Amino acid sequence: MNNALKQWKEAATLILTAGRRLGADSLSSRTPLDSSGVASHLPHSSRFDYDVLLLKRSAKSKFMPNAYVFPGGTVESSDFSSDWLDVFKSFLNSPGFGLRSVKQPVENRPPIFATNRLKLGSPIPGEVALRICAVRETFEESGVLLVVPKMEEKRLLKSFQDTLYSQHYTEHKLCSDELSKWRALVNKNPSNFIRMCQELEVLPNIWALHEWANWLTPQGKYGRTRFDTAFFMCCLHEMPSTLQDEKEIVRFQWSTPTEILQSYKARQLWIAPPQFYEISRMCRLPLLNDLHSFAHQRATEGCDQWLPVVVLQDQLHISLLPGDKLYPRDTSKQVKDDHTKNSQLEDPTDDSELHRLVCSDPYTTTLQITVKPKYNHLLPVMEPASSHNSKSQL
């Protein structure tokens, strides 16, 4: 772990998608309406041939209770353990254990990816350990085990970079009882994930996880705990089975991106701004093949570190993101919920360089973006502003 980053706990999360059958009206031209009858810009749910996994956090959770989140969690020291060298020994001669190199200059990389882990005492590259964390946490929270049998090593060494789809491997054929046993052991002690991989002769499928984003928790927004989180994308052919843990996670939900956003707007579930933003991005690509191809190709471009800076204006919470004309150059000096009035916020004619989320209440969020996405990323689908916040060009 990177103890040099004392403000944040390092974490990894996985946007896990899985194929579904298109509905009979998959080519329907029907446009979904929101609750006010305004035409939606979101693609109709039936156009999607995949679902996204969301987990509902327990009401007792210390961080974001009752929120629907992607699987993921805090990086553990075991994710950087040298014991992984034995598990991945066939890949040690390949840079980054066979992961494709990122074009982004190291000086521009987010610290969570750029930090030299060897100088911190770990021989495991950050890109590898963060993916191990995401795979482990996904297993702990949902029971979905993303692994590759050791017998597939030679094939992987030759062809994993060219694979069209990331596979959800089940060749080890764990029965549900054994899966539950290992899941309990890993939940009890994360280092048991290494032992599980050794005994079952499997590898965490780090090659199926594509770098997607890096979000930091805003100051004072969700309590004292703040996370520096690496987001990865993984596309599976078919929907895997999940196992309820009935502790930290109280519910699973597989839904299309449009269904998630509409349920959020209808106050049937709550998602945090990063989830809202990334799911809105996915609405650009309703077909799994297109999503996977994009994620696979774009991942080598890199990404920026995004720390939302929250300001208040006319009872609206405005989360400024990098690239916005009002985003501070030095975020270390920001104060909690800046109440300062700014004439630029109130100018409805100036829509230059906007990159922000505007929240009028916990279930009403509008994206306002006029800047071009960096690193060849997707521009989110943006819904029309509702009447109560349409007066302001926030």
Side-chain angles (χ1 to χ4, degrees), residues 1-2 10-14 16 71-100 117-118 120-161 163 166-210 230 232 234 236 240-243 245 247-249:
M1 293 182 290
N2 188 359
E10 290 186 321
T13 196
L14 184 61
L16 186 62
T74 308
V75 173
E76 300 287 348
S77 58
S78 62
D79 299 324
F80 283 97
S81 172
S82 59
D83 290 340
W84 285 112
L85 294 176
D86 179 62
V87 177
F88 288 98
K89 59 186 176 183
S90 295
F91 298 87
L92 298 184
N93 291 329
S94 301
F97 292 23
L99 294 171
R100 294 171 301 150
R117 306 294 173 159
L118 198 56
L120 298 178
S122 172
I124 309 300
E127 290 88 346
V128 174
L130 290 165
R131 285 170 168 83
I132 290 173
C133 172
V135 172
R136 175 182 55 76
E137 285 285 346
T138 298
F139 179 52
E140 289 182 23
E141 294 183 333
S142 70
V144 176
L145 183 56
L146 300 169
V147 294
V148 184
K150 294 278 279 187
M151 66 182 70
E152 296 283 335
E153 283 183 341
K154 290 184 179 179
R155 182 192 63 79
L156 273 174
L157 283 165
K158 292 181 180 180
S159 64
F160 60 73
Q161 292 188 13
T163 301
S166 307
Q167 299 283 343
H168 175 240
Y169 289 93
T170 55
E171 283 85 347
H172 50 284
K173 295 181 180 178
L174 274 184
C175 66
S176 59
D177 289 343
E178 191 171 6
L179 201 63
S180 296
K181 180 196 78 172
W182 278 112
R183 186 184 180 199
L185 288 170
V186 174
N187 266 301
K188 186 176 182 181
N189 187 339
S191 65
N192 283 325
F193 191 54
I194 304 173
R195 185 161 67 93
M196 183 199 77
C197 290
Q198 291 170 331
E199 292 191 19
L200 298 179
E201 297 186 334
V202 295
L203 302 162
N205 196 350
I206 61 174
W207 308 279
L209 275 60
H210 306 298
F232 297 97
C234 179
L236 307 179
S241 57
T242 53
L243 295 173
D245 74 349
K247 293 179 182 178
E248 187 175 350
I249 303 301

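Note that this is a predicted model, so its numbers are computed, not measured. Numbers here are sequence positions counted from 1. Computed over heavy atoms, backbone and side chain alike; hydrogens, waters and symmetry mates excluded.
Contact annotation: the side chain of Met196 never approaches that of Lys181 to less than 4.5 Å [non-hydrogen atoms, C-beta and beyond]. Looking only at side-chain heavy atoms (C-beta outward), Leu85 and Ile124 come within less than 4.5 Å of each other. Looking only at side-chain heavy atoms (C-beta outward), Asn205 and Val135 stay at 4.5 Å or farther from each other. In this structure, the side chains of Pro204 and Cys197 come closer than 4.5 Å at one or more pairs of heavy atoms. The shortest distance between side-chain heavy atoms of Lys150 and Val202 does not fall below 4.5 Å. Taking 4.5 Å as the limit, some side-chain heavy atom of Leu130 sits within range of a side-chain heavy atom of Phe232. Within the 4.5 Å cutoff, no side-chain heavy atoms of Asp79 are placed close to those of Arg131. Taking the side chain as every heavy atom from C-beta outward, Ile206 and Ile132 approach each other to under 4.5 Å.
Judged by distance alone, the side chain of Arg183 and the main-chain N or O of Phe139 form a donor-acceptor pair under 3.5 Å. Counting only distance, with no hydrogens or angles, the side chain of Asn192 and the backbone of Leu185 share a donor-acceptor pair below 3.5 Å. Put simply, the side chain of Glu76 never gets that close to the backbone of Cys133: no donor and acceptor are under 3.5 Å apart. Judged by distance alone, the side chain of Trp207 and the main-chain N or O of Leu156 form no donor-acceptor pair under 3.5 Å. Judged by distance alone, with hydrogens and angles left aside, the side-chain atoms of Arg136 form no donor-acceptor pair with the main-chain N or O of Pro190 at under 3.5 Å. A donor-acceptor pair under 3.5 Å is formed between the side chain of Ser180 and the backbone N or O of Ser176. Not one N or O on the side chain of Thr242 forms a donor-acceptor pair closer than 3.5 Å with the backbone of Gly143. No donor-acceptor pair under 3.5 Å is formed between the side chain of Asn189 and the backbone N or O of Val186.
Atom CD of Glu152 sits about 10.0 Å away from atom CG of Leu203, to the nearest 0.5 Å. Of the inter-residue distances, the one linking Leu209 atom CG with Leu99 atom CG reads 9.5 Å to the nearest 0.5 angstrom.
In this structure, Gln198 places its CD atom where more than 12 heavy-atom neighbours from other residues, nucleotides or ligands lie under 6.0 Å away.
With Val144 as the fixed residue, the side-chain contact (heavy atoms from CB on, under 4.5 Å) test singles out one of Leu243, Leu16, Leu14: Leu16.
With sequence neighbours left out, Asp86 forms a salt bridge (Lys or Arg N to Asp or Glu O under 4.0 Å) with Lys89. In this structure Phe193 satisfies the ring pair (Phe, Tyr, Trp, His ring centres under 6.0 Å) test together with Trp84, sequence neighbours excluded.
Counting only residues at least two apart or on different chains, the salt bridge (charged side-chain N to carboxylate O under 4.0 Å, His left out) pairs with a member in residues 190-199 are Arg195-Glu199.
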* Verdict with supporting geometry, Val75 and Phe80, side chain to side chain contact (heavy atoms under 4.5 Å, CB included) -> CA-CA 9 Å; Val75 173; Phe80 283 97; 3.5 Å; yes

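Of all the heavy atoms in Ser78 and Ile194, the pair that sits closest is O-CD1, 3.6 Å.
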